Asks: 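Have a look at this one before I ask anything.
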Amino acid sequence: MSKLSFRARALDAAKPLPIYRNKDLPDLNDCVSINRAVPQMPTGMEKEEESEHHLQRAISAQSVFREKKENMVIPVPEAESNITYYDRLYKGELRIPKQLFHIQPLGLDNEQPDYDMDSEDEILLNRLNRKMEIKPIQFETMVDRLEKASTNQMVTITEAKLLLNEDDYLLKAVYDYWVRKRKNCRGPSLIPLIKLEKRDGSTNNDAYVAFRRRTEKMQTRKNRKNDEASYEKMLKLRREFSRTVTILEMIKRREKSKRELLHLTLEVVEKRYQMGDFTGEVLSEVTAPLAEKPVYTVPITVTNGNRHNHKAEIKIKTHKSGGLPYHGYHHVSVKDEDPFDFVRPKKKYTRREPLCRPGRPAKRQHIVNKADIKQYDFHSSGEEDYPLSPTSEPDEENDPDGTFAFRRKAGCHYLAPCLDQTSGLLWDHPELAGLDALRHRQSLTALSVPQRCVGLARRRVGRGGRVLLDRASSDLDGVLKQLDSGVFSSSFPKGLSDPQVPTQNHRTMPGSASSLTDLLSNIQALRWRFFRPRSTQGDGSGEGRTGRPSMDNRLSGGLFVHTKNSGSGGITEEQYQVHQQALAQMQKQQLAQLQLKAPPPQQHFSLPERQNTQTAGSTDCIISKTLDSAGAHFAASAVISAPGQVNNENKPDNTSVNGVVQPLGTSRPPHSTSTSQGGTGLDRSGRTPSSCGPLLPASHSTTPQSLPNHRGHGSAVSPAHHHHNARPSPSSLKLATMATSSLDRVPKVTPAISSMARDNHEPERLALNGISETTVPMEVT
Amino acid sequence: MCRCVPSTFINIHFQYIFFRQVDVIEGCRLPVLRKNQENEDEWPLAEILSVKEIPGRKLYYVHYIDFNKRLDEWVTPERLDMKKLQFPKKEAKTPTKNGLPGSRPSSPEREVPQAQQKCLPTKTSIPDFQVLQQQVQPPTITVHLCFDFLSPLFKSSQNGTARRPMPNQPGRKRKQPPNCGGTDEDSQDSSDGIPSAPRMTGSLVSDRSHDDIVTRMKNIDCIELGRHRLKPWYFSPYPQELTTLPILYLCEFCLKYLKSLKCLQRHLTKCNLRHPPGNEIYRKGTISFFEIDGRKNKTYSQNLCLLAKCFLDHKTLYYDTDPFLFYVMTEYDSKGFHIVGYFSKEKESTEDYNVACILTLPPYQRRGYGKLLIEFSYELSKVEGKTGTPEKPLSDLGLLSYRSYWSQTILEILMDLKPDNGERPQITINEISEITSVKKEDVISTLQYLNLINYYKGQYILTLSEDIVEGHERAMQKRHLPIDPKCLHFTPKDWSKRGKW
């Protein structure tokens, strides 16, 4: 075709274009000139950039080769992707969920501080941490608040005080630091922020001002955008209000129940008074048939811990005359994550639902014993330890300690935590299974009155000084029965003066003992702890000493054991004995009565029943009876100790109350650790379990419990410190000897009844939790 | 401004003469050594944009003429070829300035900035000299020009920014199209030189007359993001106190900027995000897309924009992010959903834009992700039943990516057409547009670019040449990871009914 004399029509987008392959149109080239008729479309780039060298090169390369050539790409500044510490920085992994992510619009704002600590702050923090515990997040929150409250002018110290509500020392330190840092800061704020526009328009040209508001559009009419934001806020507000309402309703219910309880209790007391039932006998008679389960005591700190003393006292459980099904009772729980939940599984296991005060928040299950009915303590319901304000809840979710988070207390001296301790709860070791695992939480325990070994058990002290044995079943049970005769006959007579020496050892031995001989040798070699009650007749010899804190060689690896010297109270050994015997007598009588009255033995006294269940029904009556008397004995000692020097000692679950004479009375536990340190100082702390709890991580001392010991070298062992491989070192032996001699002089009176600050005892609780399945709580009354 | 004209003018002449041999000042041009992609030395002509003195020596910020600004860098004196040094021509300055507003020479700011630079001393230059320069400048400009310059000058001084501001207008509107995608929309109205706020729609700025020396120069040395260290290409308005850091740390998931590794560590204890904080609207394999509302999640949107600005020359952050949606593409691994790239989109576009800014982060570039982003943007348009186009101006990389995507998409359609009843297959441009959601103009420009449109025997036809067909087949083989529309869970909202944005 020759040249066209007319212009081609404009390209019509609606008109179909036939598609040819070039080979089909040999004469196409002739038409090329016409193509110009189609107007060239702009590329969409800026003119001056379009001519850039590399782009042009790339475009021409593309048109020539029809694909990109390696060296024809547009060069860009390099990027590296080899950050080696990435995995350390971004911890944890994310499993891809099956569903697509959907973000809740209300959940977006979390209340974390925007300020992030830098290394400079860390130095300050480390310095502060020598005096008190302050977490990075706490510091960040403080700085964050200061920053956000400061506009052009920095917050003054007075304002800061209002703002932060912190300990004065801390506040001052952080405030001063912040002021200094902010003055040196190059930016307007310690939290780097994008520059904001100023309303006067002076920032219109500032390159660093970004994200200005588009003002004009908002002025003309009411903006629904704002409505939506307000709507979301209202929703949130509503949600929070309704939560508050729920909480308040629950409080109301609780308070009502408490009032009811009080009235009922009063009534009961009045009736008892009229009847002259001062010993509680009538009451127990009356209540026995009503209670489906025997009255049951949960360990409660009876001591006057500062924080808990007003509430941690004895709880009264009133049996409503209607005979409520106690085990069906549901605790009203304000919080889901009740830290005391661990109690429940255990109860369930033993089919003993604790009797609970109706309406109490379940945080603490106080079981009331009829004998305690004289003591009332109505909690002003956990307000103190249960801040109900919703704001505290997010914290709790993040903070595993929840309400039990450590709080500084004025006047306390805190030491840094021993890190290695925290890691090693012995029974957490995966390789410790079965018996070995059990053995680290329970120890062999014997009773004195029926001289008999009850097997693995842990001891706790309940309200009023009652001693509870949590028993665990193990394959050893059979062997242990033989032990009764073996041990008691062989070694017991010898240890007359030393009834309370617990033999304990935590080292795992090669292969758990499976035969009696092994067992005995283990005990003698102090590889097993074995607690035996002192024999009554042996008591006379140890004058003025009530118990000996057990030594634990596990602790030689740097863990210290505190000796609690029981206060040198006025009770003498003789008095004590007398009391004890009297009480034992009483208990026996009671027992006998009850056994007659309560058809199923289970209902009342846990001991016999427990025994039955545990030994798989092979137990006979005799045993249960003897055990009962043993229980009586325990109870006796408990009662005795209570008035005189209640709770002078704390005892770990694992240590025995009434230690057993060591196989060879003369040999002392070779593994005593430096106990002198704890000494008398800690003695007092026995009364303030609440302080002991927090202390735990901070001090070398293990748990706040210790066993008074005849010989005066005391040590207490808390489960938290079970160190698997710790062996007595020569130095620790020396220490032990010294401690022994020095402590010998301290007279001790209390029989080994001590109360355990269980409530405050975090590791203990954990431990309990873990073993609740195998543990059978025992009560000896 | 006029008061001191004569004397200062003379002074400055004097200074120039005096220092000529010694000082390389802003505005000078000379060959500068750089390595090209083959790692060979080359000496492209470059312009000095800024000089700074660090203890012991001077550093020069150079822009290579005809190279993209992203290659601008600080160089040591050894890399300057002093023998071929050209001083800025004084006569030329004024004219260029006059011409400023619209016409800029090929390399973006070269002329204007030069002039500006001369006029405005950098902080790095000798103080006296700076002062002189500033004062001098006004006189050389014609009267109407004076307005342009002065206002910026004064504003800049008010701002107190260390550097001199050049632009007349709103401080930052600049946009650049970066790497992969183009962006579109131009924006502002600034051409008349009266400082005014930029227009409020769109995300890009095409008029560079606002560029000032601050925004012309990269201000962040290095950004650490997750596993990557990125070298920013352009200015980004991160808080000024952070610009002096050797490395700026970003949280990989919420994109918060932090001044040190320690701060990042601390931040990570508090930030539990493992994916962008929006709704996941697409997932196939390891690739996911998250939709973030620029109004509801301002913090993240702003952080994303700040990061994106490092790689997008024409992007403007002048206004808030409210009218935009952000679609963030992530790649999943056991650590979380790592951002690969994103595009933003106006909730309501008056100009058929379906993408505002689009970016593949540098570590992921040239691996097909850009095309995936583009494809996704058109998939959204398909769901909306609209055609769309990216906001202009496109960057060089954006243009290449879009062209490549359009070409492949259109060729695929053309080659799949089968003869109908023995007749030649045919298709209208509108049909192509409907099928692909590519705006008509873009279809035409692609057909033109591929040289497919021919006029033959009185009508327009499309012709497919051998090399086009082969090239397309090769390209399609290389292309992986197409977007699977079945995995898209997206319901378009009618934003006009929800109030503005």
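No hydrogens, no waters, no symmetry mates; every other heavy atom, side chains included, goes into these values. The chains referred to below are lettered A, B, ... by the order of the sequence lines, with proteins before strands, and numbering in each begins at 1. Bear in mind the structure is a predicted one, so any value in this text is a computation, not a measurement.
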Asks: So which part of B:V469 gets closer than 4.5 Å to some heavy atom of chain A, the side chain, the backbone, both or neither?
Replies: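 Contact with chain A is through the side chain of B:V469 alone.
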Asks: Given a strict heavy-atom distance threshold of 4.5 Å, which part of A:Y20 is in contact with chain B: side chain, backbone, both, or neither?
Replies: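 For A:Y20, the contact with chain B is made by backbone and side chain together.
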Asks: Checking heavy atoms, do the side chain of B:K335, its backbone, both or neither come under 4.5 Å from chain A?
Replies: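 The answer is both parts of B:K335.
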Asks: Please identify, among A:A79, A:P188, A:P75, the residue contributing the most non-hydrogen atom pairs under 4.5 Å to chain B.
Replies: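 Option with the top pair count is A:P75.
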Asks: Checking the side chain of A:R186 only, and the main-chain atoms of B:Q240 only, is there a donor and an acceptor separated by less than 3.5 Å?
Replies: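 No.
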Asks: Among all residues two or more places apart in sequence or in another chain, which pass the side chain to side chain donor-acceptor pair (under 3.5 Å) test with B:Y238?
Replies: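 Listed in chain order: nothing, the list is empty.
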Asks: Can you confirm whether more than 12 heavy atoms, excluding those of B:K440, are under 6.0 Å from its NZ atom?
Replies: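 No, not enclosed.
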Asks: Please classify the contact between B:I281 and chain A as side chain, backbone, both or neither, with a heavy-atom cut-off of under 4.5 Å.
Replies: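 Contact with chain A: backbone only.
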Asks: In sequence, state the C-alpha distance, the side-chain angles, and the governing distance for B:R266 and A:D121, and then conclude on salt bridge (charged side-chain N to carboxylate O under 4.0 Å, His left out).
Replies: CA-CA 11 Å; B:R266 281 298 309 155; A:D121 302 338; over 6 Å; no
Asks: With a 4.5 angstrom heavy-atom cut-off, which part of B:S334 approaches chain A: side chain, backbone, both or neither?
Replies: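 Both parts, backbone and side chain.
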Asks: Test your reading of the model: is there a side-chain donor-acceptor pair from B:Y449 to the backbone of A:T43, 3.5 Å cut-off?
Replies: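 Not at all, since once roles are kept as given, no pair shorter than 3.5 Å links the two residues.
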Asks: Between A:D24, A:I19, A:D87, A:L55, which residue shows the highest count of heavy-atom pairs closer than 4.5 Å to chain B?
Replies: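 Of the candidates given, the most pairs with chain B belong to A:I19.
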Asks: Side chain from CB out, backbone as N, CA, C, O: work out which of these in B:H275 comes under 4.5 Å of a heavy atom of chain A, or both, or neither.
Replies: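 Just its side chain gets close to chain A.
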Asks: Output yes when a side-chain donor or acceptor of B:N279 lies under 3.5 Å from a complementary backbone atom of A:I103, and no otherwise.
Replies: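 Yes.
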Asks: Does some side-chain heavy atom of B:D66 sit less than 4.5 Å from a side-chain heavy atom of A:Q56?
Replies: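 Not in contact.
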Asks: Answer yes or no: is there a donor N or O on one side and an acceptor on the other, between the side chain of A:Y90 and the main chain of B:E252, under 3.5 Å?
Replies: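 Answer holds: yes.
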Asks: Return yes if some donor-acceptor pair links the side-chain N/O of B:Q37 with the main-chain N/O of A:V73 below 3.5 Å, else return no.
Replies: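 Judged by distance alone, yes, a pair lies under 3.5 Å.
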Asks: Non-hydrogen atoms of chain A under 4.5 Å away: do they reach the side chain of B:R274, the backbone, both or neither?
Replies: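 Looking at B:R274, backbone and side chain both touch chain A.
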Asks: Whether the side chain of A:E52 engages the backbone of B:D396 through a donor-acceptor N/O pair (distance < 3.5 Å, no angle test) should be reported.
Replies: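 Flag not set: sc A:E52 to bb B:D396 has no pair under 3.5 Å.
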Asks: Do A:P16 and B:E431 come close enough that some side-chain heavy atom pair is under 4.5 Å?
Replies: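 The answer is no, as the side chains (C-beta and beyond) never meet within the 4.5 Å cut-off.
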Asks: State, with a plain yes or no, whether a side-chain heavy atom of A:D118 is found less than 4.5 Å away from one of B:C263.
Replies: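 They are in contact (side-chain heavy atoms under 4.5 Å apart), so the answer is yes.
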Asks: Measure from the side-chain N and O atoms of B:K270 to the backbone N and O of A:D114, and report whether any donor-acceptor pair falls under 3.5 Å.
Replies: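 No; judged by distance alone, with no hydrogens or angles, the pair does not exist.
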Asks: For B:S288, which atoms come within 4.5 Å of any heavy atom of chain A: side chain, backbone, both, or neither?
Replies: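 Neither; nothing under 4.5 Å.
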Asks: Non-hydrogen atoms of chain A under 4.5 Å away: do they reach the side chain of B:I427, the backbone, both or neither?
Replies: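 Backbone plus side chain of B:I427, per the 4.5 Å heavy-atom cut-off to chain A.
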Asks: Under the side chain to side chain donor-acceptor pair (under 3.5 Å) test, which residues partner B:N36, sequence neighbours left out?
Replies: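 Partners of B:N36 by the side chain to side chain donor-acceptor pair (under 3.5 Å) criterion, ordered by chain and then number, come out as B:E40.
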